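First up is the structure itself, then whatever we jot down about it.
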Amino acid sequence: MPVFLRNEFLRPVPRVNELLVRQTAELLLVLTGMPEAELSILLVDDLRIAELNRSWRRKSGPTNVLAFALTEGDDTVMALNLLGDIVISVETAAREAVKERVSLHSHLQMLLVHGFLHLIGYDHEKSDLEAARMHDKEREVLQELQKKRRGKMIRLAVNVDHVATLREARGISEPDPVLAAGICELAGAEGIVVHLREDRRHIQDRDVRLLRQTVKTKLNLEMGAAKEIIKIALDIGPDMVTLVPEKRKELTTEGGLNVAGQKKKLKMVIGQMHDAGIPVSLFIDPDLRQIRAAKDIGATFVEIHTGRYSDAASENERDHEFELIAAAAEEAYEAGLRVNAGHGLNYVNTSRIAALETIEELSIGHAIMARAIIVGLDQAVREMLGLMI
Ligand code: PXP
């Protein structure tokens, strides 16, 4: 399925992950039963699309997408499976995405589908009936695309620290976070997270060592960048580490890391982990400066702090925090970072975050453990997974 993608920008435009656009186009060809067809996509700015709009459609000003079909009435071209060109203005797309409060990538995806349907013969300008037919098809294809991408992308990693908190409250051996982790995995979790704190208030060294042997999915060790803990991480070798700021007196991790303010130190830790084959995630607030710093110092992942979104006191505030998270996730994704998110997510506020296509994993602890006490851990995990489709 050859998709030819190029860009022609005469001035700076918002950054686009071209790989994602290409993958979407390839998926589109497969979904519409034309895996062998050839499609060309051109990303441009407003100046260029306005030129094309003027010369081909006699319309003035920029537009979001133009489609130039090669197949119209030409049997040779049809036999060769050449579909034609889709031209998208990234500038117009970005403006529309802000207005419609969606991410740039979901809007680009929508425009791609729209242009693609024109190429294969749909035309909303012909009649009301045709417009309705095209609209229905657009929705159907978008839903299919989202199902495919999301099915692959969003994962649940369960933080089992609270199981250890309960154990430590009695100072005995039950309940065991190692056993809890196994139940979470059997219920469908695709990762286990534990935070080995310097004060060892919940997770103990023994837990991490045993989990290293028993976790079948992925063990993510959350930790402060302290010498002693770094040594343990290098010794045990989790599947990844998430660096968080750690304060003795806090109840739980309070804010994101100030990566920009301690680049040298964090770069060194990332280097040590990378030498041991351990990818590093940095837990950061949804702040573009921190994302750029994370990219600069070689992090593989960022985990975007969803605490302010989760704790928002009003719907307006929650909407605002959501937009910050969506923009930060997109910025990180486009910079080539892998993106996780977590903190404070529960059975009411998770779906909206899980729908962000740029995020691949959510790290959730408290809400799942709180529900598990009432309904059982297996069910609590399954119910959360049910909200993440
Ligand atoms: N991510 C990080 C970095 C955390 O520190 C925590 C809390 O331990 C979580 C996610 C999970 O937060 P919660 O327990 O509120 O779901």
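Count residues from 1 along the sequence. All values derive from a computational prediction rather than experimental measurement. Whatever order the structure lists ligands and atoms in, that order sets their numbers, starting from 1.
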Practice item. List, by chain and number, the other hydrophobic cluster members for L42, where Ile, Leu, Val, Met, Phe, Trp and Tyr join if side-chain heavy atoms come within less than 4.5 Å, directly or indirectly. Key: V44, I49, L52, W56, L66, F68, V87
Between [Y] and [X], do the side chains contain a donor N or O and an acceptor N or O under 3.5 Å apart?
| X | Y | value |
| --- | --- | --- |
| H124 | H118 | yes |
| N159 | S363 | no |
| T92 | N64 | no |

**Study point:** Sole candidate of V3, V113, L119 that passes side chain to side chain contact (heavy atoms under 4.5 Å, CB included) when paired with I86
**Key:** L119
Exercise for review: For the pair H343 and H305, name the ring-plane relationship: parallel under 30°, tilted 30 to 60°, perpendicular over 60°.
Suggested key: tilted
Show the short N or O contacts, below 3.5 Å, that ligand 1 makes with protein N or O atoms; if there are none, say 'none'.
unit_1, atom_1, unit_2, atom_2, d
ligand 1, 1 (N), E303, OE2, 2.5
ligand 1, 5 (O), E222, OE2, 2.5
ligand 1, 5 (O), T253, OG1, 2.7
ligand 1, 8 (O), N159, ND2, 3.3
ligand 1, 14 (O), H366, N, 2.8
ligand 1, 15 (O), G344, N, 2.8
ligand 1, 16 (O), G365, N, 2.8
ligand 1, 16 (O), H366, N, 3.4

